[in-house]
Amino acid sequence: MKPRTQRLGYLDWMRGLAAITMLQGHVFHSFLRDDLRGGGPYLASQFVGGMPPAVFLFLLGVTFAFGMDSQERKGATASGRFVSALKRTGQIFGLAVAFRLQMWLVSIDKSPWTDLFRVDVLNNMAFALLCLSIMAVFTTFERIRLCAVLGVLIAAAGPLVSALNWDSVPPLIKHYLAPDTFYFGFFPWAAFVAFGMSAGSLLRYLDRDQTGTAMQWLGIGGAALAFGAWYFSNLPYSIYPHVEFWKDSPGLILIKLGVLLMLLAFAYAWNLGLRENQWSLVRQFGVTSLLVYWVHVELVYGRWLWFFKENLTVPQVVAVSIAVFILMLGISLLRTNWTAVRTWMRSGSASDLAKWPAKSSSGEAAGD
């Protein structure tokens, strides 16, 4: 197996598609009038908008596994790989803390101090990586199987964890661990990180000429998994005393996993038609997904557009969604072309902007 350092465009494309979907979901959720939330447009928006967290967690697992594999190829010991994984975990925790702090400071007159400890998707990412860092002591081949098993176990434990008595447990601990419709608890959301680590280890273990065949099987397997999980979730009996489909159901996790695998295969096939280093709008969002997430959450849920909150019709929300999309695209382009922009601001020469937009498919893969 040869070392791989080129960024995988299809992963950026998949992440970018999730970011775009996330934008419209949050705009609808924040700005649509309450009396219109029972209609088809809102329900469709929120149904589709429920996938991005799973995509981000899954791809985080993929790149986390990439990092472990890179350390292994460089000859790092098991303990060295583990320490490297912990450092990556610390970076995500730092981002999560900075995000919550910024959100609280901007709305300090309206937000209680407890909002600093709200468990958002970034917190879940960091905690999941912390718990799964131990997988670094295993080889890439071993992680394919072990992480898949861990994903199944985490998903399967969801209803059991929900059934525990959490009354005497501090809310912060509960929100990090227990399934909840408003928080991203370890159970069952961390299952997507584990599944992503399994998929990422598989992609690194295979030779490049085997990737296409693997993607075909992943897509077919994802379709079978999604359909099978949907079928069994609709049976009139269950092995659990109590399960809530939209909260802690293993069936929902497996349905989403099936969709993720199909989306991964589709992203790979779609990007085969793109020339090397060819710019792609969707991939542009993918390489700056964290920035897009950070800025748009403050814009959509913060005080900046307070006059729109729960006050717009469906056509108006669609218009705002398009405006937010264009704004986020501009910010994304500014981020990836900042060097050219800064040079242009200093020299005033239009030729310095000739390279816009930047080639989003070049560079190293996240996790390398």
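As the structure is a prediction and not an experimental result, all values here were calculated from the model.
- For Tyr176, the ring-ring contact (aromatic ring centres under 6.0 Å, His included) test picks out Phe127, with sequence neighbours left out.
- Phe117 and Val106 end up in the same hydrophobic cluster when Ile, Leu, Val, Met, Phe, Trp and Tyr side chains are linked at under 4.5 Å.
- Checked against side chain to side chain donor-acceptor pair (under 3.5 Å), Asn271 has the following partners two or more places apart in sequence or in another chain: Arg283.
- Inter-residue side-chain proximity for His175 and Asn123 is flagged as unmet; no heavy-atom pair is nearer than 4.5 Å.
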Solution key, residues 315-327 side-chain donor-acceptor pairs under 3.5 Å, sequence neighbours excluded:
from	atom 1	to	atom 2	distance (Å)
Gln316	OE1	Thr313	N	2.9
Gln316	OE1	Thr313	OG1	3.2
Ser321	OG	Val317	O	2.9

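- Taking the charged nitrogens against the carboxylate oxygens, Asp120 and Arg118 have no contact shorter than 4.0 Å, which rules out a salt bridge.
- Asp34 meets the side chain to side chain donor-acceptor pair (under 3.5 Å) test with Arg37; sequence neighbours excluded.
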Show the atom names and distances, to 0.1 Å, of all donor-acceptor pairs under 3.5 Å that link a side chain in residues 234-262 to residues at least two apart or in another chain.
from	atom 1	to	atom 2	distance (Å)
Asn234	ND2	Trp230	O	2.6
Ser238	OG	Tyr240	N	3.1
Tyr240	OH	Ala156	O	2.7
Asp248	OD1	Glu244	N	2.9
Asp248	OD2	Ser162	OG	2.8
Ser249	OG	Gly251	N	3.1
Ser249	OG	Leu252	N	3.4
Lys256	NZ	Gly50	O	3.4

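- In this structure, Arg204 forms a cation-pi arrangement with Phe66, its terminal cationic atom sitting closer than 6.0 Å to the ring centre and no more than 45° off the ring axis.
- Residue pairs that meet the salt bridge (Lys or Arg N to Asp or Glu O under 4.0 Å) test with at least one member in residues 131-144, sequence neighbours left out, are Glu72-Arg143.
- Counting heavy atoms from C-beta on, the side chains of Leu305 and Val300 never come closer than 4.5 Å.
- Residues Val297 and Trp306 share a single hydrophobic cluster, defined by chaining ILVMFWY side chains whose heavy atoms lie under 4.5 Å apart.
- Taking the ring axis of Phe56 as reference, the NZ or CZ atom of Arg15 does not stay both within 45° of it and closer than 6.0 Å to the ring centre.
- Of all heavy-atom pairs between Leu164 and Trp166, the closest is O-CD1, 3.0 Å.
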Assess the residue pair Met215 and Leu264 against the criterion (side chain to side chain contact (heavy atoms under 4.5 Å, CB included)); give the C-alpha distance rounded to whole Å, side-chain angles, the decisive distance to 0.1 Å, and a yes or no.
CA-CA 8 Å; Met215 286 297 177; Leu264 179 64; 3.9 Å; yes

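- Ring centroid separation for the pair Tyr293 and Phe99 comes in under the 6.0 Å cut-off.
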